[in-house]
Amino acid sequence: MGLPKTHRLRRGRDFQQVYAQGLKRRGRYLILRAWFSATDNPTLVGISIGKKVSKKAVVRNRIKRQIRGAIRQYLPNLKPGWKIAIVVKSEAQTCEYEHFLRELKQLLIQAEVWHGH
RNA sequence: AGAGUUGGCGAGGUGGUUGCAGAUUGUGGCGCACAGCGCGACCCAAUCUGAGGAAAGUCUGGACUCCCGAAAGACCAAACUUGCUGGGUAACGCCCAGUGUGGGUGACCGCGAGGAGAGUGCCACAGAAACAUACCGCCGAUGGCUAGAAUCAAAUAUUUUGGCACAGGUAAGGGUGCAAAGGUGCGGUAAGAGCGCACCAGCAGUAUCGAGAGGUACUGGCUUGGUAAACCCCGGUUGGGAGCAAGGUCGGAGGGGCUAUGGUUGGUCUUUUUCCAGCCCCGCUUUUUGGAGUACCGCUAGAGGUGUUUGGUAACAAACAUCCCAGAUAGAUAACCGCCCUCUAGAAUUUCUAGAGAACAGAAUCCAGCUUAUGUCCAACUCUUUCU
RNA sequence: ACGCAUUUAGAGCAACUUGGUAGCUCGUUUGAUUUAGCAUCAAAAGGUUACAGGUUCAAAUCCUGUAAUGUGUA
């Protein structure tokens, strides 16, 4: 359930811009940072997960894949032109796929990135 | 049956749907430019490929790249946990085979295993003393002092008996300690001591076996605490440093148009000039898009994998055949389903039903090792008990 | 990728160089003092020196391996 390259947030500069100027929504397992670039470019999504979540690369990669799969499922519902960074909290270690799905939807609606139709 | 020891295979297989990354292909789309050929970094489709035995820790050895230095070679210095022997390897501190030694009833396992007969240091407490000595003790044969007896006419002479423990002898015994000068026994002596003998242990020499480390036998004299994972000595090895975040490319690039000249290829031509066509370069202009970032190279064909044969006890090597097998860069492997296989449980008696396929764990320049983490299965061997 | 450092009582630290009975401060517990508490005084408990192996007569210390934690360069 990967994410196409065109929808990935890749540069450190973009991440810093999102952190500095974007709005912030807090969930139980995730923190959502989003910034509207005022263009029609595809919405970019990046995931940040620190070593404090887990020291094992396998665990971190699995969480990343699960979040990325959830984002891909919601991709048609997102408004264009946003830059989104998702920060994983250490509680997410024991989390299931459905939890990510539910929480992501909630956060996206809160941040008004969600496209209602 | 129980308890162990060692070694090995493999990390379920296969098909489908959706999805991600790379490569290749496309009278495909889209964009640019067009008479046409075309170009593209975007999209789509098809095909192929897509994590490990440890990818990990980063403990070693290399390949590769750059910087500094030197250019054969010798000596000195420095560094190195380099240190039994022989072999393997590109190399190693790794591997294999052996020797010695320690452990285990055994299968088997561990070992940095040169030198303390060059020097220095240290060996707390205890003890006289920790490497050179003598506290208690034993002796006091010999010498000394002293008392008596005998010989003699007599003696201070000679002989002899005793005492002292003064010189001296001794290292058996006691005590201390991890460790006290080879051990045990007999002889020997004033008392003792390898002083002598026997056995054991150690050392040296000779012979012999072995490629060697070493093994065995004989002979000899009779002796030398431990520590070098303390400094050190000896032998051995080595240009030094940094590391793919090494190092390199790009200060515009791609496409189109125009102008003049030059180069080159082809055609016309016997040849040259001329002419025509294509490509490249310089300049101008137009359009698209990026702009110091993993954008591109390095970047994955390698001391490569698999199989067979041969050589070798083995590690391993050689020959032949065959295959191409991840290349991401905020970093690609996931989700679901069917069948087969294996295991477990239940029903039941060879079928059905249910569950599980777990664990450790994710490539980031690449190899060779080591170490650590971890689940299943198989084989060989050992010991104990019971039965035949 | 290449390094560096640390690990000792509940907490913070000594002792390691030069091996020889593991200490200090705070905290804890008990007692004294006080009507009571704090403070003070006296005493006590609390350690597999991160783990495993080795050298040594003897290891927190020396050597090797492992683990955990922190940290530097770009």
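Naming convention: chains lettered A, B, ... in sequence-line order (proteins, then strands); numbering from 1 in each chain.
- Nucleotide G53(B) carries a syn base; the chi torsion (O4'-C1'-N9-C4 or O4'-C1'-N1-C2) is within 90° of 0.
- Counting heavy atoms from C-beta outward, V88(A) and I67(A) have side chains that approach closer than 4.5 Å.
- Atom P of G15(B) sits at a distance of 14 Å from the matching atom of U47(B), rounded to the whole Å.
- Remark: U101(B) base-pairs with G110(B); criterion is Watson-Crick or G-U wobble with both hydrogen-bond distances under 3.5 Å.
- Using C1' as the reference atom, A348(B) and C381(B) are 41 Å apart when rounded to the nearest Å.
- By the rule that a glycosidic angle within 90° of 0 means syn, A51(B) counts as syn.
- Look at A5(C): its Watson-Crick or wobble partner, with both distances under 3.5 angstrom, is U69(C).
- At whole-Å resolution of the value, CG in N61(A) and C1' in A364(B) are 13 Å apart.
- Across A345(B) and C383(B), the matching C1' atoms stand 36 Å from one another, rounded to whole Å.
- Side chain of Q110(A) to backbone of R25(A): no donor-acceptor contact under 3.5 angstrom is found.
- Of all nucleotides present, only G305(B) satisfies the Watson-Crick or G-U wobble test against U322(B), with each distance under 3.5 Å.
- Put simply, R68(A) has no side-chain N or O that comes within less than 4.0 Å of OP1 or OP2 on G19(B).
- Anti is the glycosidic conformation of U156(B), whose angle departs from 0 by more than 90°.
- Interatomic distance, I86(A) CD1 to R68(A) CZ, rounded to the nearest 0.5 Å: 10.5 Å.
- At a threshold of 4.5 Å between non-hydrogen side-chain atoms, the residues L32(A) and K24(A) do not count as touching.
- A1(C) and G243(B) are spaced 7 Å apart, taking the C1' atom of each and rounding to whole Å.
- One atom, CD1 of I47(A), and another, C1' of A332(B), lie 13 Å apart when rounded to the nearest Å.
- A332(B): no Watson-Crick or G-U partner with both key distances under 3.5 Å is found in any strand.
- Summarising the base pairing, G185(B) is matched to C197(B) through a Watson-Crick or G-U wobble pair whose two defining distances lie under 3.5 Å.
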Next item on the list: Begin with the C-alpha distance, continue with both residues' side-chain angles, and end with the deciding distance and a verdict on side-chain contact (heavy atoms from CB on, under 4.5 Å) for L107(A) and L30(A).
Entry: CA-CA 9 Å; L107(A) 287 170; L30(A) 309 169; 4.1 Å; yes
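- Pairing for A354(B) is with U344(B), a Watson-Crick or G-U wobble pair whose two hydrogen-bonding atom distances lie under 3.5 Å.
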Next item on the list: Report the C-alpha distance between R33(A) and L23(A) in whole Å, list the side-chain angles of each, state the deciding distance to 0.1 Å, and finish with yes or no for side-chain contact (heavy atoms from CB on, under 4.5 Å).
Entry: CA-CA 6 Å; R33(A) 314 294 296 260; L23(A) 51 88; over 6 Å; no
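- Between the C1' atoms of C92(B) and A124(B), the separation comes to 43 Å (whole Å).
- Annotated as anti: C258(B), whose O4'-C1'-N torsion sits more than 90° from 0.
- In this entry the distance linking CZ of R60(A) with P of G331(B) reads 13 Å, nearest Å.
- Annotation: G83(B) and A204(B) have their C1' atoms spaced 26 Å apart (nearest Å).
- Nucleotides A45(B) and U351(B) are separated by 48 Å at their P atoms, to the nearest Å.
- Distance noted for atom C1' between G22(B) and A326(B): 9 Å (whole Å).
- Of all nucleotides present, only C20(B) satisfies the Watson-Crick or G-U wobble test against G50(B), with each distance under 3.5 Å.
- Considering only side-chain N and O atoms, R65(A) lies under 4.0 angstrom from the phosphate OP1 or OP2 of U333(B).
- When both pairing distances are held under 3.5 Å, U208(B) makes a Watson-Crick or G-U pair with G215(B).
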